[in-house]
Amino acid sequence: MKEEYSQNYRRWYDKDPLLSKSMRTLRESDDETQIKVALNLIKIIIEHNISENTYSAVEDIMSAVEDGTLEKGKSRWYDIDNTVRTAINMLENSPEVVQKSVAKEMAKMVVNEITKETDEDDDDENE
């Protein structure tokens, strides 16, 4: 999967504009939002990969979680939290068709979480 990305893209997720924008929005979100989205992403990634027959056993899922952890260390923005790192590593190691599907759902999730936070902040101010 990783070798498919050309040198024209700075990061693996920049190949897909929607995924790139979703990742940027997630990066700029607060820690709580990142974790909520990451937990949902893990579930969605597993579901998509099972439907695409990428995962046939629990070992495949564990391998997707572990891939990239050792070779890249902890220098990326999403390495700060284990849950977020796990979700993003799983996404990175998913087939492109799964990444595209998950990117759409991820965009909706991030926007929904941010909107929810804004609404809650407004409610707190009005009380």
Side-chain angles (χ1 to χ4, degrees):
M1 179 63 33
K2 294 173 195 162
E3 61 275 357
E4 293 177 18
Y5 296 100
S6 73
Q7 297 294 340
N8 296 335
Y9 301 101
R10 190 170 145 227
R11 297 165 299 221
W12 64 270
Y13 49 83
D14 287 335
K15 184 175 182 180
D16 181 326
L18 180 60
L19 182 57
S20 182
K21 185 172 174 93
S22 297
M23 291 288 282
R24 183 174 54 248
T25 305
L26 183 61
R27 182 184 69 228
E28 294 167 357
S29 301
D30 63 66
D31 293 348
E32 187 177 335
T33 299
Q34 287 181 359
I35 293 168
K36 284 180 185 176
V37 171
L39 288 169
N40 286 317
L41 272 179
I42 291 168
K43 178 180 174 262
I44 291 167
I45 292 165
I46 290 171
E47 289 170 354
H48 279 282
N49 277 300
I50 287 173
S51 69
E52 291 291 326
N53 296 318
T54 306
Y55 297 154
S56 57
V58 173
E59 292 80 19
D60 297 336
I61 296 170
M62 296 308 295
S63 176
V65 170
E66 293 167 2
D67 282 353
T69 304
L70 297 176
E71 66 189 53
K72 294 179 183 167
K74 294 190 175 201
S75 60
R76 302 163 298 186
W77 66 267
Y78 49 85
D79 287 327
I80 295 170
D81 180 81
N82 285 335
T83 305
V84 178
R85 181 179 64 238
T86 297
I88 303 304
N89 280 346
M90 290 177 74
L91 183 58
E92 180 179 8
N93 292 301
S94 295
E96 193 171 327
V97 66
V98 172
Q99 288 180 358
K100 287 186 178 298
S101 296
V102 171
K104 292 174 188 171
E105 293 184 49
M106 183 180 174
K108 290 177 193 172
M109 248 189 299
V110 171
V111 168
N112 287 342
E113 282 300 321
I114 292 171
T115 303
K116 208 183 305 179
E117 286 175 12
T118 305
D119 290 345
E120 288 171 1
D121 289 345
D122 290 345
D123 289 344
D124 290 343
E125 290 174 9
N126 291 335
E127 290 179 1

**Request:** Take Lys100 and Val97 through the side chain to side chain contact (heavy atoms under 4.5 Å, CB included) test and state the conclusion after the steps.
**Result:** CA-CA 5 Å; Lys100 287 186 178 298; Val97 66; 5.9 Å; no
**Asked** Minimum heavy-atom separation for Gln34 to Leu26, with atom names?
**Response**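 Scanning both residues, the minimum pair turns out to be NE2-O, 3.0 Å.
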**Prompt:** Of all heavy-atom pairs between Ser22 and Ala103, which one has the smallest distance, and what is that distance?
**Reply:**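 So the minimum-distance heavy-atom pair works out to OG-O, 3.7 Å.
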As an exercise, state the distance from [atom1] of [X] to [atom2] of [Y], rounded to the nearest 0.5 Å.
X	Y	atom1	atom2	value
Asp16	Glu96	CG	CD	7.5 Å
Lys43	Glu47	NZ	CD	4.0 Å
Lys21	Thr25	NZ	OG1	5.5 Å
Asn40	Met109	CG	CE	5.5 Å
Asp79	Ile88	CG	CD1	10.0 Å

**Asked** Among the clusters formed by ILVMFWY side chains lying less than 4.5 Å apart, do Val111 and Ile35 turn up in the same one?
**Response**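 No; tracing contacts between hydrophobic side chains, which count when under 4.5 Å, never links both residues.
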**Request:** Report yes or no: do Leu18 and Tyr13 belong to one cluster of Ile/Leu/Val/Met/Phe/Trp/Tyr joined by side chain heavy-atom distances under 4.5 Å?
**Result:**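 Different hydrophobic clusters.
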Given side chains that start at C-beta, do those of [X] and [Y] come closer than 4.5 Å, heavy atoms only?
X	Y	result
Trp12	Asn93	no
Gln99	Leu91	yes
Thr86	Ile42	yes
Ile45	Ser94	yes

**Request:** Show your working on side chain to side chain contact (heavy atoms under 4.5 Å, CB included) between Arg76 and Arg85 and close with a plain yes or no.
**Result:** CA-CA 9 Å; Arg76 302 163 298 186; Arg85 181 179 64 238; 4.2 Å; yes
**Request:** Check side chain to side chain donor-acceptor pair (under 3.5 Å) between Ser101 and all other residues, then give those that pass, not counting sequence neighbours.
**Result:**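 Testing Ser101 for side chain to side chain donor-acceptor pair (under 3.5 Å), a comparison that skips the adjacent residues, returns none.
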**Request:** Applying side-chain contact (heavy atoms from CB on, under 4.5 Å) between Met23 and each of Met106, Glu28, Arg11, report the one that passes.
**Result:**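 Among the candidates, only Met106 passes.
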